[in-house]
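Keep in mind the model is a prediction, meaning the values are calculated, not measured. Numbers restart at 1 for each chain; the letters A, B, ... are given by sequence-line order, proteins then strands.
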Amino acid sequence: MQIKQILAEAAVGSEITVKGWVRTKRESKNVTFININDGSVIHNIQAVAEAGVLNEETQKLITTGACVAITGTLIESQGSGQKVELQVKSALVYGTADPEKYPLQPKKHSLEFLREIGHLRPRTNTFSAILRVRHTLAYAIHKYFNDNGFFYLHTPIITGSDAEGAGEMFRVTTLDPKNPPLNEDGSVNYKEDFFGRETNLTVSGQLEGELGAMALSKVYTFGPTFRAENSNTARHLAEFWMIEPEVAFYELEDNMALAEDFTKYVIRYALENCYDDLVFLEGRLKEEEKNKKQEERSELALIEKLKFVIDNDYVKLTYTEAIQILLSSKRHKEGKFQYPVAWGIDLQSEHERYLVEKHFKKPVILTNYPKDIKAFYMKLDEVSDDVPGQTVRAMDVLFPGIGEIIGGSQREDNYEKLAQRCQEVGIPIESIWWYLETRQFGTAPHAGFGIGFERLVMFVTGMTNIRDVIPFPRTPKTAEF
RNA sequence: UCCUUCUUAGCUCAGUCGGUUAGAGCACAUGACUGUUAAUCAUGGGGUCCCUGGUUCGAGCCCAGGAGAGGGAGCCA
């Protein structure tokens, strides 16, 4: 029986068998307490063995980290701290864990140390809680889209296009790296390669997502994404999971409404279905923040923060308005921004953080960016006298503490304008002929966005390093587990 | 990739001005204890001071190079 079920039913008097891993053992002369966790829930079950019930050898092998099956009667606990406990009748040790060598000790460990033992860290309270929340969010995402008429479109992992320019790509090849077939000019002849052309791991499913939306109207992708950027930060992974809805007949405003409704739904779902885990993670975060300076501590506890997000409207403003706010800010006037502020710049982390964490103190949707700092496929805005330059129908959703969690746009649906933009940014039209053809055959207004799954998990769990919200992180120089 | 800080016991860290045998807490082992829950108390074992080279009578400490990790930045989700 799973511990989650045992604790929920609390069927006192029944005989049950618990299988799991020993967290702690406390021995005294007459009685031994064994705390067992099976990962089904944050809570342990306490097994109580009267002296003499277990033979000496078994008792010795039950140490922190060992895997056991314990059979006994569920009784009301005599001690405080738990309602029920297991009165032990017999125990079987599946696997021992030499206490001199087992790295996970019954004490606090740093997250940095746990990253070095990625194969064992799911056995800690913190990581099992994160993994359960991660699962629940993934489920909520599929449920949200399914309940709202979206179809799950499986876009390719291996791709022949590098058109989006979202980042450096990982090459996929079966050619011999030491002795590849060469063209006459000495370059590698990819016609000899597995696919007969250069291929890479996908950096985004968006372009294919648009093809799906031009047939099924509402689609989303949810899959792994790969970027070979040499970025070493707490917010980037080389392999991460991304959710990308794409919807026909949606314009920018519909896209913004979808992004807000979607994020609120999945956060609410996690609150309703992972409450115990979130309570634990909130406590962990409070402990961690005790070591920080007062001004660096978050104003709201984790659960309060999540409730605040789902109960309040996101702020929506244009890039041009954001620049005006930054220009009139005290911080700008005192010259405290490291990077200069002016219309046309790409907003820096410090600018985004100022807007989200100091000025508005809630999620912000920024729209209508200058076209020169955004991707080629974004729809051009009408030119306006109020705006200094040409903008596109882009939107970024910024979350407190995380920064950019969503990037999206209404797509350019006019063939001539899109082809023109391809030329401007140097994308050969023949390389994405299939993408451009959607604008020649039954084009339609459409919009979509991408949300980094790990960034969402970070926000919900309160973790501050992205390596701690994915079971097996892939970052530059690291692929051990 | 750039800036910056760090690397000493299984873990988290201290280590004075360069000086003799490198310390603490936790973890672990042994013992005690009538119900503990980060149990408690006593005792004990445990070190490639990140690596390589240099300076010096003498280096955990100073210098040079390298590796790894953290924080910040860029790129972005």
With the side chain counted from C-beta on, respond yes when A:Asp261 and A:Leu258 share a heavy-atom pair under 4.5 Å apart, and no when they do not.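 A side-chain contact under 4.5 Å is absent here.
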Distance-only side-chain donor-acceptor flag, [X] / [Y], under 3.5 Å:
X        : Y        : answer
A:Ser204 : A:Glu244 : yes
A:Thr263 : A:Tyr314 : yes
A:Gln59  : A:Thr32  : yes

What interatomic distance, in whole Å, is found between [atom1] of [M] and the corresponding atom of [N]?
N      : M      : atom1 : result
B:rU4  : B:rU21 : C1'   : 37 Å
B:rG18 : B:rU55 : C1'   : 12 Å
B:rG46 : B:rA24 : P     : 13 Å
B:rA22 : B:rA14 : C1'   : 11 Å
B:rG10 : B:rG45 : P     : 16 Å
B:rA59 : B:rC75 : C1'   : 43 Å
B:rU56 : B:rG47 : P     : 33 Å

In whole angstrom, what separates [X]'s [atom1] from [N]'s [atom2]?
X        : N      : atom1 : atom2 : value
A:Ile406 : B:rC76 : CD1   : P     : 17 Å
A:Phe337 : B:rG74 : CZ    : P     : 13 Å
A:Phe240 : B:rC75 : CZ    : P     : 16 Å
A:Glu239 : B:rC76 : CD    : C1'   : 17 Å
A:Asn465 : B:rA69 : CG    : P     : 12 Å

Can the ring centroids of [X] and [Y] be said to lie less than 6.0 angstrom from one another?
X        : Y        : result
A:Phe240 : A:Phe226 : no
A:His154 : A:Tyr152 : yes
A:Phe459 : A:Phe399 : yes

Set out, line by line, the N/O atom pairs under 3.5 Å between protein and nucleotides 5-15 of chain B.
residue : atom : partner  : partner atom : Å
B:rG10  : N2   : A:Gln105 : OE1          : 2.9
B:rG10  : N3   : A:Gln105 : NE2          : 2.9
B:rC11  : O2   : A:Lys107 : NZ           : 2.5
B:rU12  : OP1  : A:Ser110 : OG           : 2.9

Candidates [options] - which lies nearest the side chain of [X]:
X        : options                : result
A:Pro106 : B:rA29, B:rA27, B:rA69 : B:rA27
A:Phe33  : B:rC76, B:rU30, B:rG35 : B:rG35
A:His236 : B:rU36, B:rA27, B:rC75 : B:rC75
A:Glu229 : B:rC76, B:rC28, B:rC75 : B:rC75
A:Arg26  : B:rG35, B:rU36, B:rG74 : B:rU36

What class does the angle between the rings of A:Tyr220 and A:Phe150 fall in, given that below 30° is parallel, 30 to 60° is tilted and above 60° is perpendicular?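 It falls in the perpendicular class, over 60°.
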Report the base-pairing partner of [N] (Watson-Crick or G-U wobble, both distances below 3.5 angstrom), or none.
N      : result
B:rU16 : none
B:rA73 : B:rU1
B:rC26 : B:rG10

Non-hydrogen atoms of A:Ile402 and A:Arg235 that approach each other most closely: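 Taking A:Ile402 first and A:Arg235 second, the nearest heavy atoms are O-CD, 3.4 Å.
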Within the structure, does a side-chain N or O atom of [X] lie under 4.0 Å from either OP1 or OP2 of [N]?
X        : N      : value
A:Arg235 : B:rC75 : no
A:Thr24  : B:rA27 : no
A:Arg467 : B:rG70 : yes
A:Gln46  : B:rU36 : no

Are any protein N/O atoms closer than 3.5 Å to N/O atoms in nucleotides 1-3 of chain B? If there are, list each pair with its distance.
residue : atom : partner  : partner atom : Å
B:rU1   : OP1  : A:Asn230 : ND2          : 2.2
B:rU1   : O4   : A:Asn232 : N            : 3.4
B:rU1   : O4   : A:Asn232 : ND2          : 2.9

